[in-house]
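The structure appears right after this line, and notes come after that.
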Amino acid sequence: MNGFFDIPSDLQHSYGGLIAVHMQEALFPVLAGLLLALPVGLLCVHYGWLYAPLLWTSTVLYAIPSIAFFVVLIDYTGLTQLTVMIPLCLYSLVVLVPAVVDGVRSVSEETNAAAAAMGIGLARRYFQVQLPIAVPAIMAGLRVATASSISLVSVGALIGNQGGLGNLLTTAQLYGRPRLAVTSVVTTAVLAIVIDALLVLLRRVLTPWQPPSGRAAGRSADVAARTPEGVS
């Protein structure tokens, strides 16, 4: 097993250190993207004409290869983690802004009218009424953005060993040690699965009124079986 976890000293990190760097570079951009997507999503809901150009702009940015972003940013941020995290933050907006907008738009007009009738202002209504109802849609987008960010961090290995676990890929090629590449790929996949599971758990904690999908399907089947149409 030493061949898989014997990290060369020129990476300046242990195996655990590479995992910590990888998660830092992956999760901070998604968190920043979420904090940006929440007010942007609110603006898009209330000013519908903004949504199309903002979505088009974010999609165009997503189409730009990360390497091209790195080349542009290096002159300003150097060979640092920030150079990796800025493009990842922009990429996350492509998923998170539509998730926020769709989630808020899913709130019924009756709910919004009832909140307005109770004297709840626009800002309070957004945070206390609309966002809690939109949590399932937002969490779905957050899961996609997080998994994408965890995988894309590895590209940072091309700019001065700023790719977390992705650094093992270039090192494996440099020293002819394919086991390090296996370690990088498998660990990255495991991290993505673990974080996704934690996000699913967080969604269930934030939306206790929603039963798990399997249980909901079972209840729907029971209800269908008890209706006159379901009784033979």
With the side chain counted from C-beta on, respond yes when [X] and [Y] share a heavy-atom pair under 4.5 Å apart, and no when they do not.
X      : Y      : result
Leu96  : Val40  : no
Thr171 : Arg177 : no
Val194 : Val190 : yes
Ile86  : Phe69  : no
Leu73  : Pro87  : yes
Leu61  : Val94  : no

Out of curiosity, [X] [atom1] to [Y] [atom2], how far, rounded to the nearest 0.5 Å?
X      : Y      : atom1 : atom2 : result
Ile64  : Thr59  : CD1   : OG1   : 11.5 Å
Leu206 : Leu201 : CG    : CG    : 9.5 Å
Ile193 : Leu198 : CD1   : CG    : 12.0 Å
Leu38  : Tyr126 : CG    : OH    : 5.0 Å
Thr170 : Leu168 : OG1   : CG    : 8.0 Å

message: Tell me whether Ser149 contacts the main-chain N or O of Ala145 through its side chain, where contact means a donor paired with an acceptor under 3.5 Å.
response: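 No; judged by distance alone, with no hydrogens or angles, the pair does not exist.
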Under 3.5 Å donor-acceptor, Thr207 side chain and Arg203 backbone: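 Pair found, side chain donor or acceptor close to backbone of Arg203.
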task: Could you note down all residue pairs passing side-chain hydrogen bond (donor to acceptor under 3.5 Å, both in side chains) where residues 26-35 supplies at least one of them, sequence neighbours left out?
output: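 Output for this query is empty, none listed.
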- prompt: Who pairs with Leu152 by side chain to side chain contact (heavy atoms under 4.5 Å, CB included), at least two apart in sequence or on another chain?
  reply: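 In terms of side chain to side chain contact (heavy atoms under 4.5 Å, CB included), with neighbours along the sequence ignored, Leu152 is linked to Leu88, Tyr91, Ser148.
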query: Looking just at side-chain N and O atoms, do Tyr15 and Thr183 make a donor-acceptor pair shorter than 3.5 Å?
result: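 No donor-acceptor contact under 3.5 Å links the two side chains.
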Could you pull out every donor-acceptor pair under 3.5 Å between side chains of residues 21-30 and any protein atom, sequence neighbours left out?
unit_1 : atom_1 : unit_2 : atom_2 : d
His22  : ND1    : Leu165 : N      : 3.1
His22  : NE2    : Ile150 : O      : 2.8
Gln24  : NE2    : Gln81  : OE1    : 3.2

- request: For the pair Leu131 and Ile138, evaluate side-chain contact (heavy atoms from CB on, under 4.5 Å) and give the outcome as yes or no after the intermediate values.
  value: CA-CA 9 Å; Leu131 281 185; Ile138 295 174; 3.7 Å; yes
Give the table of side-chain donor-acceptor pairs shorter than 3.5 Å for residues 44-58, with sequence neighbours excluded, one pair per line with atom names and distance.
unit_1 : atom_1 : unit_2 : atom_2 : d
Thr57  : OG1    : Pro53  : O      : 2.8
Ser58  : OG     : Leu54  : O      : 3.2
Ser58  : OG     : Leu55  : O      : 2.9

field: Taking every non-hydrogen atom, the tightest pair across Gly141 and Ala99
entry: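 So the minimum-distance heavy-atom pair works out to CA-CB, 4.0 Å.
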message: Test of understanding: clusters of I, L, V, M, F, W, Y form through side-chain heavy atoms closer than 4.5 Å, transitively. Do Leu142 and Val100 belong to the same one?
response: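 Looking at the clustering, Val100 is in the same group as Leu142.
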field: Step-by-step side-chain contact (heavy atoms from CB on, under 4.5 Å) determination, Leu42 to Val104
entry: CA-CA 8 Å; Leu42 175 61; Val104 173; 5.9 Å; no
message: List the residues meeting salt bridge (Lys or Arg N to Asp or Glu O under 4.0 Å) with Asp102, not counting sequence neighbours, and say none if there are none.
response: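 For Asp102, no residue satisfies salt bridge (Lys or Arg N to Asp or Glu O under 4.0 Å) once neighbours in sequence are set aside.
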- prompt: Under the salt bridge (Lys or Arg N to Asp or Glu O under 4.0 Å) test, which residues partner Arg143, sequence neighbours left out?
  reply: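 Partners of Arg143 under the salt bridge (Lys or Arg N to Asp or Glu O under 4.0 Å) test: Asp196.
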Audit row: Val185, Leu169, side-chain contact (heavy atoms from CB on, under 4.5 Å) steps and yes/no: CA-CA 8 Å; Val185 173; Leu169 296 175; 4.2 Å; yes
